[in-house]
A.B. asks: 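Sharing a structure below in structure tokens format, with a few things to ask.
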Amino acid sequence: MDYKKIYQQWLSDPYFDDQTKEELKAIAADEAEVEDRFYRRLEFGTGGLRGVIGAGTNRMNIYTVRQATQGLANYIISQNGQGKGVAIAYDSRRMSPEFADEAALCLNANGIKTYRFESLRPTPELSFAVRELGCIAGIVITASHNPREYNGYKVYWEDGAQITPPHDKNILAQVAKVTEFSQVKTMDKETAQAQGLYETIGADIDDLYMEQLKKQSIHPELIRKAAGDIRIVYTPLHGTGNLPVRRVLKELGFEHVYVVKEQELPDGAFPTVAYPNPEDEKAWTLALKLAKEVDADIVLATDPDADRLGVYAKDTKTGEYVSFTGNMSGMLIAEYILRERTKTGTMPEHPALVETIVTTDMAKAIAADYDTALIEVLTGFKYIGEQIRLFEENHSYQYVFGLEESYGCLAGTYARDKDACVAVMMLCEVAAYYKLQGKTLWDAMLTMYETYGYYKEGLATLTLKGIDGAKQIQEKMSEARSNPPKTLGGLKVLAVRDYKQDSRTDLTSGETTPTGLPESNVLYYELENNAWCCVRPSGTEPKIKYYFGVKGASLEDAAMKLEALKQDMLK
């Protein structure tokens with residue numbers, strides 16, 4: 001149907017509330033805005049929904065949330081999973097509690113019980129709750145680290161991980177079948193509660209989750225020893241991390257934890273940051289100011305749904321705070337876990353470290369050093385969560401740690417998604433370990449570079465919005481696919497992996513072999529001298545993402561090589 005007709009339908013149909021209609025009337029004269037809101041349905045991707053909050057088929061609102069949930073309900077019923085129920089959590093964004101309720105009541109109207117958290121909770125706690133409660137699925141209302149105008153809807157399956165094949169494609173197909181709002185069921189909350197379909201959860205799950213976090217600590221005695229000396233600054237960036245992060249640090253014994261007052265309380269307007277993302281330098285202004293005031297050893301920030309962790313640590317030589325990428329903080333935790341578990345005899349048999357294909361190659365060197373398998377998966381932590389399940393099913397490996405470059409990692413298997421709460425806890429333990437040796441985390445990072453090599457990685461994005469943008473993204477990927485470069489950044493391209501075609505082509509021999517990973521619109525270039533780069537469209541935003549990695553002879557050499565590679569790739 002023409003977007004103008006759909007717009008008029010939303011204005012006239014009694015199904016849509018007056019507030020929605022008033023919002024739509026206000027944009028009547030803005031043709032481009034009407035088109036953008038109605039030219040398509042908000043796409044239900046392989047993880048769920050994500051989009052700008054507002055009225056329209058291409059926006060996050062109660063109607064698009066209900067529509068997606070009806071598709072999920074239909075799939076759950078087709079799998080005979082309605083008896084198990086669905087856990088639902090939400091973050092601090094605008095409309096998150098309302099969307100959580102709409103999802104619950106749609107499921108309830110389909111005869112599916114829901115366990116909805118009483119107030120906002122971190123995404124990883126939802127992952128934990130799905131398995132703890134024996135649910136068939138989970139939903140978390142969050143747009144993670146996206147700008148303030150966004151919200152989203154992520155779906156988890158009974159293993160506690162975000163949906164992977166075949167469930168992702170099957171749910172997507174069911175959602176696509178819900179073409180009319182008349183197909184969507186809902187009911188009122190009081191009736192759902194009276195019928196035992198809508199259950200509120202909270203403190204009991206919090207306590208169990210907290211116990212699992214603390215079990216990941218390897219040397220609680222070292223924490224107690226260093227707790228009085230180490231100073232930690234933390235900001236939840238107006239998100240869900242404030243209570244669980246402070247609680248776990250307190251229960252482990254850390255005495256000096258300073259929270260950024262202006263960013264402590266949940267607020268979906270994110271008044272102190274334009275972009276609530278610990279990867280964004282501008283998000284750190286207040287935390288670094290406080291760090292200097294209290295002479296902090298380590299500065300930490302979690303994103304709104306507390307699944308990503310950003311880090312700064314002090315350079316004792318300059319007195320300045322150094323920014324750590326997700327690769328750097330992940331490697332510090334990984335190396336500490338492998339070393340100390342080996343030393344204490346608590347390393348499981350057949351241990352495995354799991355990372356995504358765009359994560360640092362330093363992981364390979366560390367895994368080899370500790371005789372640990374290194375498993376690579378596609379971009380997205382759901383594939384790391386999937387590996388935990390596969391290890392348990394086929395008894396091949398035992399998961400020790402997993403990470404992705406985008407500031408996400410997981411120690412332990414209590415959850416199946418990245419967890420900033422456990423990352424904070426483990427990194428503070430690592431900081432305590434080095435503090436007792438008179439070192440900072442930056443000192444420890446320099447030692448790792450000297451030991452394993454000066455690995456450095458980067459990311460660049462190209463944003464292309466709207467109908468034309470989506471088309472340009474596909475054209476750019478097609479062009480890259482049909483004309484692979486021979487050199488990049490002055491380095492010879494040795495092989496091209498095309499995950500859409502499941503092929504790895506050796507450019508020297510011409511031999512083609514399978515990648516062995518699921519189909520995905522991703523191109524990966526293996527370069528000489530331990531360098532690589534990768535290109536893929538974002539799954540949640542109108543962007544193309546370019547990833548780069550090099551190994552240098554020094555920090556300066558690595559930085560120079562990375563810049564040359566980045567500039568050449570972006571041409």
Side-chain angles (χ1 to χ4, degrees), residues 46-48 72-73 75-76 79-91 100 103-104 107 112-118 120-142 153-168 170-171 199-216 240 244 248 305-307 348 352 354 377 380-402 408-423 425:
T46 51
L72 175 61
Y75 183 66
I76 289 170
Q79 299 296 297
N80 295 315
Q82 58 268 43
K84 294 182 176 179
V86 175
I88 300 175
Y90 61 91
D91 71 2
L107 290 165
I112 300 166
K113 182 169 181 172
T114 56
Y115 301 88
R116 182 188 180 274
F117 275 100
E118 63 192 351
L120 74 174
R121 292 296 191 281
T123 287
E125 187 172 351
L126 181 277
S127 171
F128 168 74
V130 168
R131 292 173 65 247
E132 185 62 35
L133 295 167
C135 293
I136 187 69
I139 297 168
V140 61
I141 305 296
T142 177
Y153 174 110
K154 287 199 285 195
V155 181
Y156 291 71
W157 203 240
E158 60 186 333
D159 63 339
Q162 284 187 60
I163 46 174
T164 53
H167 303 298
D168 55 357
N170 293 342
I171 292 169
E199 185 175 324
T200 302
I201 57 172
D204 290 350
I205 298 293
D206 295 341
D207 294 344
L208 293 168
Y209 171 65
M210 205 51 52
E211 286 309 308
Q212 288 298 326
L213 290 182
K214 290 187 291 185
K215 278 181 185 174
Q216 307 316 315
T240 60
V248 76
D305 67 324
D307 63 355
V354 188
V377 297
F381 212 91
K382 64 181 184 177
Y383 295 112
I384 296 175
E386 181 184 41
Q387 287 298 313
I388 301 174
R389 174 176 61 79
L390 294 172
F391 293 165
E392 290 176 350
E393 286 174 359
N394 60 32
H395 309 291
S396 53
Y397 296 106
Q398 293 201 60
Y399 175 93
V400 177
F401 187 68
C409 64
L410 175 68
T413 60
Y414 62 91
R416 303 296 161 94
D417 206 351
K418 53 187 179 282
D419 188 351
C421 303
V422 83
M425 189 199 94

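Quick caveat, the model's predicted, so the values are computed rather than measured.
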A.B. asks: Would you name the heavy atoms of I112 and Q82 that are closest together and state the gap between them?
C.D. replies: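 Result for this residue pair: CG1-CB, 3.7 Å.
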A.B. asks: Can you tell which of D159, N394, T413 makes a side-chain hydrogen bond (donor to acceptor under 3.5 Å, both in side chains) with R389?
C.D. replies: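 Running side-chain hydrogen bond (donor to acceptor under 3.5 Å, both in side chains) over D159, N394, T413 with R389 returns exactly one hit, D159.
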A.B. asks: Minimum heavy-atom separation for G85 to Y115, with atom names?
C.D. replies: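 Here G85 and Y115 meet closest at CA-CE1, 4.4 Å.
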A.B. asks: With under 30° as parallel and over 60° as perpendicular, where do the rings of W157 and Y75 fit, or are they tilted in between?
C.D. replies: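 It falls in the tilted class, 30° to 60°.
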A.B. asks: Taking only residues two or more places apart in sequence, or in another chain, which ones meet E158 in a side chain to side chain donor-acceptor pair (under 3.5 Å)?
C.D. replies: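 If we apply the side chain to side chain donor-acceptor pair (under 3.5 Å) test to E158, skipping adjacent residues, the hits are K84.
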A.B. asks: To the nearest 0.5 angstrom, please state how far the OG1 atom of T164 sits from the CD1 atom of I384.
C.D. replies: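 Here the rounded value is 13.0 Å.
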A.B. asks: Restricting to salt bridge (charged side-chain N to carboxylate O under 4.0 Å, His left out), what partner residues turn up for R116, sequence neighbours left out?
C.D. replies: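 Scan of R116 (salt bridge (charged side-chain N to carboxylate O under 4.0 Å, His left out), adjacent residues dropped) gives D101.
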A.B. asks: Are the side chains of V377 and Q387 in contact, using a 4.5 Å heavy-atom criterion?
C.D. replies: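 Sidechains of V377 and Q387: in contact.
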A.B. asks: How long is the straight-line distance from NZ of K418 back to CZ of F381, given to the nearest 0.5 Å?
C.D. replies: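 The NZ atom of K418 is 7.0 Å from CZ of F381, to the nearest 0.5 Å.
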A.B. asks: What residues, two or more places apart in sequence or in another chain, satisfy side chain to side chain contact (heavy atoms under 4.5 Å, CB included) together with E132?
C.D. replies: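 Counting only residues at least two positions away or on another chain, E132 forms a side chain to side chain contact (heavy atoms under 4.5 Å, CB included) with F128, I205, L208.
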A.B. asks: Decide yes or no on side chain to side chain contact (heavy atoms under 4.5 Å, CB included) for V86 and C135, but give the supporting numbers first.
C.D. replies: CA-CA 5 Å; V86 175; C135 293; 5.6 Å; no
A.B. asks: If you measure only the distance, is there a donor-acceptor pair under 3.5 Å linking the side chains of D417 and S127?
C.D. replies: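 On atom types as modelled, these side chains do not qualify, holding no pair under 3.5 Å.
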A.B. asks: Run L133 and I201 through side chain to side chain contact (heavy atoms under 4.5 Å, CB included) and show every step you take.
C.D. replies: CA-CA 10 Å; L133 295 167; I201 57 172; 4.0 Å; yes
A.B. asks: Where the side chain of Q216 meets the backbone of Q212, is there a donor-acceptor pair that is under 3.5 Å apart?
C.D. replies: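 Judged by distance alone, yes, a pair lies under 3.5 Å.
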A.B. asks: Among residues at least two apart in sequence or on other chains, which ones pass side chain to side chain donor-acceptor pair (under 3.5 Å) with T142?
C.D. replies: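 With neighbours one apart ignored, the set is D91.
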A.B. asks: Check ring pair (Phe, Tyr, Trp, His ring centres under 6.0 Å) between F391 and all other residues, then give those that pass, not counting sequence neighbours.
C.D. replies: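 If we apply the ring pair (Phe, Tyr, Trp, His ring centres under 6.0 Å) test to F391, skipping adjacent residues, the hits are Y397.
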A.B. asks: Measuring from I136:CD1 to L72:CG, what's the distance to the nearest 0.5 Å?
C.D. replies: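 Between I136 CD1 and L72 CG, I get 9.5 Å after rounding to 0.5 Å.
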A.B. asks: Could you list the residues that satisfy side chain to side chain contact (heavy atoms under 4.5 Å, CB included) with D168, not counting sequence neighbours?
C.D. replies: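 Applying side chain to side chain contact (heavy atoms under 4.5 Å, CB included) to D168 gives T46, I163, P165, K382.
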A.B. asks: Please confirm whether the backbone N or O of G402 pairs with a side-chain atom of Y399, one donor and one acceptor, at under 3.5 Å?
C.D. replies: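 Judged by distance alone, yes, a pair lies under 3.5 Å.
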A.B. asks: Can you see which heavy atom on F117 is nearest to which on G202, and at what distance?
C.D. replies: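 It is CD2-CA, 4.2 Å.
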A.B. asks: Check side chain to side chain donor-acceptor pair (under 3.5 Å) between E392 and all other residues, then give those that pass, not counting sequence neighbours.
C.D. replies: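 With sequence neighbours excluded, E392 shows a side chain to side chain donor-acceptor pair (under 3.5 Å) to R416, given in chain and number order.
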A.B. asks: Return the OG1 to CG distance between T123 and D305, rounded to the nearest 0.5 Å.
C.D. replies: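 Output value for this atom pair is 3.5 Å.
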A.B. asks: Which pair of heavy atoms, one from A415 and one from P124, lies closest together, and at what distance?
C.D. replies: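 Taking every non-hydrogen atom into account, CB-O, 3.9 Å.
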A.B. asks: Run the salt bridge (charged side-chain N to carboxylate O under 4.0 Å, His left out) test against K214 and tell me which residues pass, sequence neighbours left out.
C.D. replies: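 Salt bridge (charged side-chain N to carboxylate O under 4.0 Å, His left out) list for K214, sorted by chain: E211, E251.
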A.B. asks: Side chains of M210 and V248: does their closest heavy-atom pair fall under 4.5 Å?
C.D. replies: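 M210 reaches V248 side chain to side chain.
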A.B. asks: Give me the atom names and distance for the closest heavy-atom approach of A161 to E386.
C.D. replies: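 Result for this residue pair: CB-N, 4.3 Å.
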A.B. asks: Where is the tightest heavy-atom contact between F401 and L410, given as atom of each residue plus distance?
C.D. replies: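 Answer, listing the atom of F401 first, then L410: CD1-O, 3.3 Å.
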A.B. asks: So V422 and Y414, do their side chains get closer than 4.5 Å, heavy atoms only?
C.D. replies: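 Heavy-atom side-chain distance check passes, below 4.5 Å.
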A.B. asks: What pairs with A103 under side chain to side chain contact (heavy atoms under 4.5 Å, CB included), at least two apart in sequence or on another chain?
C.D. replies: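 Partners of A103 under the side chain to side chain contact (heavy atoms under 4.5 Å, CB included) test: V65, T69, I88, I139, Y153.
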A.B. asks: Using the test side chain to side chain donor-acceptor pair (under 3.5 Å), find all partners of K154 that sit at least two apart in sequence or belong to another chain.
C.D. replies: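 Partners of K154 by the side chain to side chain donor-acceptor pair (under 3.5 Å) criterion come out as none, since no residue qualifies.
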A.B. asks: Could you give all pairs that pass the side-chain hydrogen bond (donor to acceptor under 3.5 Å, both in side chains) test and reach residues 200-210, with sequence neighbours left out?
C.D. replies: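 Sorted pair list: R121-D206, D207-R247, Y209-D419.
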